[in-house]
Amino acid sequence: MGVQGLLPFVSSASTEVSLEDYRGQTLACDASVWLHRGAISCARELAEGEPAVGFLRFPLRMIALLKRHGVRPLIVFDGGAMPMKARVDAARAADRESAKARGEFNKTVKITAAMTQQLIERLRQDGVEFVVAPFEADSQLAFLVQHGHAAAALTEDSDLLAYRCPSVLFKLSESGHARRITFAGLQHAQDSKGQLLFDGAWEGEWAAWEGGLFVAMCIMAGCDYLPSVPGVGVATAHKALRAGRTVERALAKLHSKRSGPPAPVAAEAYLLRALGL
DNA sequence: CGCTATCGGGCAT
DNA sequence: GTGACGATAGCG
């Protein structure tokens, strides 16, 4: 999931970069998407329990790509399941079951601990650094960049911005180019008319977004941890926060304007607590 | 109409 | 694991 619609919304703040720009530096790499993509190439074998090693090919190729450009990869694996994501995890398991019944194998792909272990073994042999996150890789990737252990995170997951990761590279291509979004660069993000999204509407606006409103916008638009407010995406959440200037007033505004069922009451309590309000 | 949200689905080889 | 992209639907 990630935050639906977030990347298009802030795409004006992204710039094209090359891996050459990171020569001699460390990139913290999200292993899960690489493993999933690799696993699609042998989805049937995996679904039917046949031995398969083809899923290693794609992640190893991406690592080779980084090394070819003089970049030091730090591979980050998902660790334990998040209790708060239990509902989402259960839904995905059910989806995999029904996909298997229909013979749609590439929708049944599930990265097992054994598969992760096989990749880790290769990384050990090849001298590639890695860490296993306590829970989800996302927050670990953000931590590594925030504390200077990596120059940027390399992922496909928009959640990295919600975690306030200072620098994120998306959509790495075979040519070694990617789109970079820095958290600080969001200050200059614009809408389609060239108007700033997070600054300029009032004195100190960017500081407010940086300090919590941006994260609130992401949560309101829908995350894996809370039932989202129906009919509210990134654009509506942004509008409400900009008009209200605080989470409380933005939520009140959405309530008064919206027809249909009110937001789940638990969502608000969690949101406010998550933001320390 | 214009804007926004949602749905289905590719990714690799 | 998440989401480009095009289509569709619901609202003001």
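Numbered from 1 within each chain, the chains take letters A, B, ... in sequence-line order.
Figure legend. dG3(C) is base-paired to no nucleotide; pairs are counted as Watson-Crick or G-U wobble with both atom distances under 3.5 Å.
Rounded to whole Å, the distance from CG on Leu46(A) to C1' on dG1(C) is 15 Å. Taking atom CD of Glu156(A) as the reference point, atom P of dC11(B) lies 14 Å away to the nearest angstrom. When rounded to the nearest whole Å, the span between NE2 of His36(A) and C1' of dT13(B) equals 18 Å. Put simply, CD on Gln4(A) is 19 Å from P on dG6(C), counting in whole angstrom units. When rounded to the nearest whole Å, the span between NE2 of His238(A) and P of dT4(B) equals 11 Å. Atoms CG (Asp138(A)) and P (dT2(C)) sit 7 Å apart, rounded to a whole Å. Taking atom CG on Leu141(A) and atom P on dG1(C), their separation rounds to 15 Å, with Å as the unit. Rounded to whole Å, atom C1' of dG1(C) lies 10 Å from atom CD of Glu136(A).
Placement of Leu251(A) and Met217(A) within a single hydrophobic cluster is found when ILVMFWY residues are connected by side-chain heavy-atom separations under 4.5 Å, directly or transitively. Val76(A) and Leu56(A) fall into different hydrophobic clusters, defined by Ile, Leu, Val, Met, Phe, Trp and Tyr side-chain heavy atoms under 4.5 Å apart, directly or through other members.
Using a 4.0 Å cut-off, no side-chain N or O of Arg37(A) falls inside it from OP1 or OP2 of dG10(B). For the OP1/OP2 pair of dC3(B) and a distance below 4.0 Å, the side-chain nitrogens and oxygens of Lys239(A) include no atom meeting the criterion. Residue Ser158(A) has a polar side-chain atom (N or O) positioned under 4.0 Å from OP1 or OP2 of dG3(C).
Less than 6.0 angstrom separates the ring centroid of His238(A) from the ring centroid of Phe198(A).
Side chain of Arg61(A), nearest nucleotide from dT4(B), dT13(B), dG1(C): dT13(B). Of the candidate nucleotides dG1(C), dT13(B), dC11(B), dT13(B) has the atom nearest to the side chain of Ser41(A). Taking only side-chain atoms of Leu7(A), from C-beta outward, the nucleotide of dG3(C), dT4(B), dG1(C) with the closest atom is dG3(C). Picking from dT4(B), dG1(C), dT13(B) the nucleotide with the shortest atom distance to the side chain of Arg57(A) gives dT13(B). With dT2(C), dG1(C), dA12(B) as the candidates, the nucleotide lying closest to the side chain of Asp159(A) is dT2(C).
Here the CD1-CH2 distance, from Ile111(A) to Trp34(A), works out to 14.0 Å after rounding to the nearest 0.5 Å. Between the CG atom in Leu27(A) and the CD1 atom in Ile63(A) there is a gap of 12.0 Å [rounded to 0.5 Å].
Comparing Lys171(A) and Asn106(A) by the nucleotide of DNA chain C whose heavy atom lies nearest to each, the residue mapping closer to the 5' end is Asn106(A).
Nucleic acid contact class of Gly38(A) (heavy atoms, under 4.0 Å, all strands): none. Within the 4.0 angstrom heavy-atom criterion, no nucleotide atom of any strand lies near Lys110(A).
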